[in-house]
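Worksheet for the structure shown next.
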Amino acid sequence: MPPTALPAWLATAAGAGQPLLLDVREPAEWHTASVHPEGAELRQWPMHTIPARLAELDRARPIAVLCHHGGRSMQVALFLQQQGFDHLANVAGGIDAWALQLDPSLPATDLSSPYMRLPARPHAELH
């Protein structure tokens, strides 16, 4: 789902309970740019923590997953779907697309920044 479709998705999803926006970027990325859409709870959990925190999520709750460009969030959304979560959306293009399409006041995320060069983490459990 493109970021421009998120407000309508959140409004529709609210019928099933307060939607959750799950930001799966690393803390350094959150500090560069973060969002909190109206009508949704924001949780910032790095991707590698999702399997260990699965019990903290309600399978009936609508969840939209967000990352930097949409790759990690898609992996997490697919993982959650495999775990029995049904009401999911991936924010395609991530925070970068969000900044371009919904909120140009967000700072540009610069991958050349030392804060954006994060150590690689194994994500085998999410594939």
Side-chain angles (χ1 to χ4, degrees):
M1 152 182 67
T4 53
L6 187 62
W9 184 87
L10 290 172
T12 302
Q18 183 187 30
L20 171 65
L21 179 64
L22 185 59
D23 186 339
V24 299
R25 296 175 300 146
E26 294 292 324
E29 294 174 283
W30 305 330
H31 296 299
T32 300
S34 191
V35 297
H36 192 163
E38 188 175 327
E41 175 189 354
L42 173 66
R43 291 190 193 173
Q44 295 172 314
W45 294 355
M47 178 179 173
H48 70 276
T49 68
I50 303 299
R53 300 185 80 174
L54 201 57
E56 296 176 50
L57 296 173
D58 179 353
R59 282 176 170 71
R61 188 175 190 188
I63 301 173
V65 189
L66 173 77
C67 68
H68 188 168
H69 289 290
R72 286 175 285 177
S73 57
M74 178 59 80
Q75 289 181 35
V76 170
L78 290 171
F79 173 75
L80 292 175
Q81 185 178 39
Q82 293 169 351
Q83 303 305 310
F85 291 80
D86 293 324
H87 205 336
L88 296 165
N90 176 52
V91 180
I95 192 92
D96 277 355
W98 187 300
L100 289 170
Q101 298 173 20
L102 288 178
D103 188 356
S105 71
L106 285 174
T109 53
D110 179 7
L111 288 176
S112 66
S113 162
Y115 294 106
M116 295 295 103
R117 284 181 287 184
L118 302 171
R121 294 182 189 255
H123 298 296
E125 67 272 353
L126 294 177
H127 293 284

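Using a 4.0 Å cut-off between a side-chain N of Lys or Arg and a carboxylate O of Asp or Glu, E26 and R72 do not qualify as a salt bridge.
Proximity of H87 to W9: side-chain heavy atoms (C-beta onward) are separated by under 4.5 Å at one or more points. For the pair L66/L21, a side-chain contact is recorded, criterion being any heavy-atom separation below 4.5 Å from C-beta on. Contact of the L6 side chain with the P3 side chain is not registered, since no non-hydrogen atoms from C-beta on lie closer than 4.5 Å. Between D86 and L88 there is no side-chain heavy-atom pair separated by less than 4.5 Å. Side-chain atoms of P7 and P37, non-hydrogen and from C-beta on, never get closer than 4.5 Å to each other. By the 4.5 Å heavy-atom criterion applied to side chains, I50 and L80 are counted as neighbours.
Of the possible polar contacts, none joining the W45 side chain to the D23 backbone as a donor-acceptor pair under 3.5 Å is found. A distance-only check finds no donor-acceptor pair linking the side chain of R43 to the backbone of V24 [under 3.5 Å].
Side-chain heavy atoms closer than 4.5 Å link hydrophobic residues (I, L, V, M, F, W, Y) into clusters, and following such links, possibly through other members, connects L42 to M1.
One finds the CZ atom of F85 at 4.5 Å from the CZ atom of R59 (value rounded to the nearest 0.5 Å). L20 CG to E41 CD: the interatomic distance, rounded to the nearest 0.5 Å, is 5.5 Å. In this structure, M47 CE and T49 OG1 are separated by 10.0 Å, a value rounded to the nearest 0.5 Å. Here the OG1-CD1 distance, from T32 to I95, works out to 10.0 Å after rounding to the nearest 0.5 Å.
If you look at W98 and H68, their ring centroids are not closer than 6.0 Å.
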Could you go through T12 and L10, starting from their C-alpha distance and side-chain angles, then the distance that decides it, and tell me whether this counts as side chain to side chain contact (heavy atoms under 4.5 Å, CB included)? CA-CA 5 Å; T12 302; L10 290 172; over 6 Å; no
Take Q83 and L54 through the side chain to side chain contact (heavy atoms under 4.5 Å, CB included) test and state the conclusion after the steps. CA-CA 9 Å; Q83 303 305 310; L54 201 57; 3.7 Å; yes
Check against side chain to side chain contact (heavy atoms under 4.5 Å, CB included), H69 and M74: CA-CA 10 Å; H69 289 290; M74 178 59 80; over 6 Å; no
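The two residues C67 and S73 make their nearest non-hydrogen contact at SG-N, 3.3 Å.
Within a 6.0 Å sphere centred on CD of E56, heavy atoms belonging to other residues, nucleotides or ligands number more than 12.
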